[in-house]
Amino acid sequence: MRKKIHILRPELANRIAAGEVVQRPASAVKELIENSIDAGAKEIVIIVKGAGSELIQVSDNGEGMGEEDALLAFQRHATSKITTSEDLENIRTLGFRGEALASITAVAQVEVKTRTGSDDVATLIRIEANEILEQSKSNAPVGTSVTVRNLFFNTPARRSFLKTRQTELKNITDVVTRMAIAYPEISWRYISEDEALMDLKPTTAPERMRQVFGERQAEGLVALHEKTEYMLLDGFIGKPDFARKSRAEQYLYLNRRSIVSRSLQHAVYQAYEHVLEKGAFPFFVLNLQIDPRKIDVNVHPSKQEVKFENESLVYRLLLSAVKRTLVAHDVIPSLTLAGVEGAPTDAKLRFEGARVAHTSTTMPSFGITLDVPGGIEARLQDGQAGADQIEQVFRKIESHLDSGLAVPTSLPTEIPKERLVEHQSLRVQPKRESEPEVRAIWQIHNKYILSQIRTGLLIVDQHVAHERILYERVLANFENSLPSSQQLLFPQTLELPTGDYMLVGELLPHLKNLGFDLKLFGKNTVVIEGI
């Protein structure tokens, strides 16, 4: 009987294995950057052309490799990071599997120049499809430079599945950004098509956030630092005003390794409960430092999936840490109505013998506690409280107003008296059959409109409502192909994060159809000449 099972040829096996490690150009960039960081580099330069499919070059000033090590580095499962099974349980480097260079050379044309501090000249190696084409000496500074050309040249099916150039370049930019955030002590230079998209000098973590995301975004961040026996957590979380419509700007690290964890992302989102608008996601940059023996990063060749020894504990610690930070910085709002007797002295608004304490100017959907005269108390949680209970509270407030109490003449200086609704407008008179139902309306801080409705309490953010009206107008003009633009007397310059700048370039024709007169000014800067 003829034998059916056979061993795959090494070049074919390498090409199959490469599909797990190098899925797209951004995967190759990630692996090469991780090697540079593990080599102790303090300066990393990334150059790409054709969104990485034509050229990827990653150069560093790390410790470099000798000639013998450089040749071994391209063999599968060749690594300097681990030697024993015990080392696998205590991984403290980004790379350790010894698959990156072998996978890249299986599907690309690769050139490596490397030199150690003790060598006078550098080693030059050229490899194509795991076959060494050249091995010689060359001139190069201390460190390593890896050049990858024609990625997937011998696997056309994989190349055909790549997305558009803009999408692939955005993925590479995301990889570089995530690394630059995690390692602020390293200098980063990122060049695409001979244009410098990122040029970051070594600095502190807060300043790196300012370099990457801009001044305005950095001002909307809150520093977080929490230390427990199990883990150390530090980073930054965004205020609700800077929430995003997607999870794109959520950066999660484990021992400075960028990871993906739906569970931990949910923990952060849960901490923002009732503070974010529906469909919005918080911005955060968080690094968890946990003993490597209590985690397993050897789950997938991409090393982005991680298993925790006690994931539920990590979830709870992360949730409580983010909540405490939000409360400590007055990010989570509160609203309280209470009787004059025993009311808090720091109340900012007073009306009809009741006080409203408002500790934040951000009030989307959230829980409200009402303490009304007579001891009636109800908790309105996102409109879920019973209608009968809410009606009872408001009837008690109405009876209190009908008792004849006047608006206090002494009001806190923070709230001018003219901002308060007149006493008569607050009184709720019995409804006559011929009259429509009228509800009391309050305006707080000239920012929010509060009104009783049949099922609870309605809170309207005036600013957001106005934005919605403008949005509907613009949408109608866009659908009717009636763009209108008003030229600015003085053009405005806007500095954007690298990813947003690239997105503006991609959407520029659509933005012009909306009536915006924009010009790309280079170095992540956009000039606005008309709106």
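Atoms considered below: every heavy atom in the structure, side chains included; atoms not considered: hydrogens, waters and symmetry mates. In this chain, numbering begins with 1 at the start of the sequence shown.
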Under a 4.0 Å N-O cut-off, is there an ion pair linking [X] with [Y]?
X      : Y      : value
Arg244 : Glu249 : yes
Lys170 : Glu506 : no
Lys49  : Glu193 : no
Arg165 : Glu54  : yes
Lys512 : Asp517 : no
Arg178 : Asp174 : yes
Arg324 : Glu226 : yes
Arg293 : Glu89  : no

* To do: Report the C-alpha distance between Glu309 and Ile295 in whole Å, list the side-chain angles of each, state the deciding distance to 0.1 Å, and finish with yes or no for side chain to side chain contact (heavy atoms under 4.5 Å, CB included).
  => CA-CA 6 Å; Glu309 181 184 74; Ile295 58 176; over 6 Å; no

What is the distance from atom [atom1] of [X] to atom [atom2] of [Y], rounded to the nearest 0.5 Å?
X      : Y      : atom1 : atom2 : value
Asp60  : Thr144 : CG    : OG1   : 5.0 Å
Ile91  : Asn255 : CD1   : CG    : 11.0 Å
Glu99  : Ile104 : CD    : CD1   : 11.5 Å
Lys239 : Glu219 : NZ    : CD    : 9.0 Å
Phe161 : Arg158 : CZ    : CZ    : 9.0 Å
Asp500 : Glu495 : CG    : CD    : 11.5 Å

Taking the side chain as every heavy atom from C-beta outward, state whether [X] and [Y] have any atom pair closer than 4.5 Å.
X      : Y      : answer
Ile531 : Leu488 : yes
Met231 : Leu313 : no
Leu288 : Asp234 : no
Glu67  : Gln135 : yes
Leu233 : Asn287 : no
Val222 : Phe236 : no
Tyr190 : Thr173 : yes
Asn61  : Val142 : no

Side chain [X], main chain [Y], donor-acceptor under 3.5 Å:
X      : Y      : value
Arg149 : Gln109 : no
Thr525 : Phe521 : no
Thr123 : Gly66  : no
Asn298 : Phe96  : no
His329 : Thr325 : yes

* Verdict with supporting geometry, Gln304 and Lys30, side chain to side chain contact (heavy atoms under 4.5 Å, CB included) -> CA-CA 11 Å; Gln304 287 188 308; Lys30 171 182 172 293; 4.2 Å; yes

Might you point out which heavy atoms bring [X] and [Y] nearest each other, and give the distance in Å?
X      : Y      : value
Ala100 : Glu31  : CB-OE1, 3.5 Å
Leu276 : Ala280 : CD1-O, 3.8 Å
Pro497 : Asn524 : C-ND2, 4.5 Å
Tyr272 : Pro282 : CE1-CB, 3.5 Å
Leu224 : Ala321 : CD1-O, 3.9 Å
Ser27  : Val22  : CB-CA, 3.9 Å

Between [Y] and [X], is there a side-chain donor-acceptor contact under 3.5 Å, judged purely by atom types and distance?
X      : Y      : result
Asp87  : Ser85  : no
Asp38  : Thr93  : no
Gln211 : Arg208 : yes
Arg115 : Asn139 : no
Ser263 : Ser261 : no

Kindly check if the number of other-residue, nucleotide or ligand heavy atoms within 6.0 Å of [atom1] ([X]) is above 12?
X      : atom1 : result
Glu185 : CD    : yes
Gln486 : CD    : no
Lys137 : NZ    : yes
Glu131 : CD    : no
Arg159 : CZ    : yes
Lys294 : NZ    : yes
Phe153 : CZ    : yes
Lys81  : NZ    : yes

* Establish, yes or no, whether a centroid distance under 6.0 Å links the rings of Tyr251 and Phe213. =>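 Distance test on ring centres: under 6.0 Å, yes.
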
* To do: Check the pair Trp188, Asp199 against side chain to side chain contact (heavy atoms under 4.5 Å, CB included), reporting the backbone distance first and the verdict last.
  => CA-CA 6 Å; Trp188 299 83; Asp199 191 359; over 6 Å; no

* **From Lys113, Gln57, Glu111, Arg126, residue fulfilling side-chain hydrogen bond (donor to acceptor under 3.5 Å, both in side chains) relative to Thr147** =>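 Exactly one candidate clears the test, Gln57.
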
* Can Glu168 and Lys163 be said to form a salt bridge (Lys or Arg N to Asp or Glu O under 4.0 Å), step by step? -> CA-CA 6 Å; Glu168 295 298 340; Lys163 304 296 183 183; over 6 Å; no

* So Tyr501 and Val526, side chain to side chain contact (heavy atoms under 4.5 Å, CB included) or not? Walk me through it. -> CA-CA 8 Å; Tyr501 176 77; Val526 176; 4.0 Å; yes

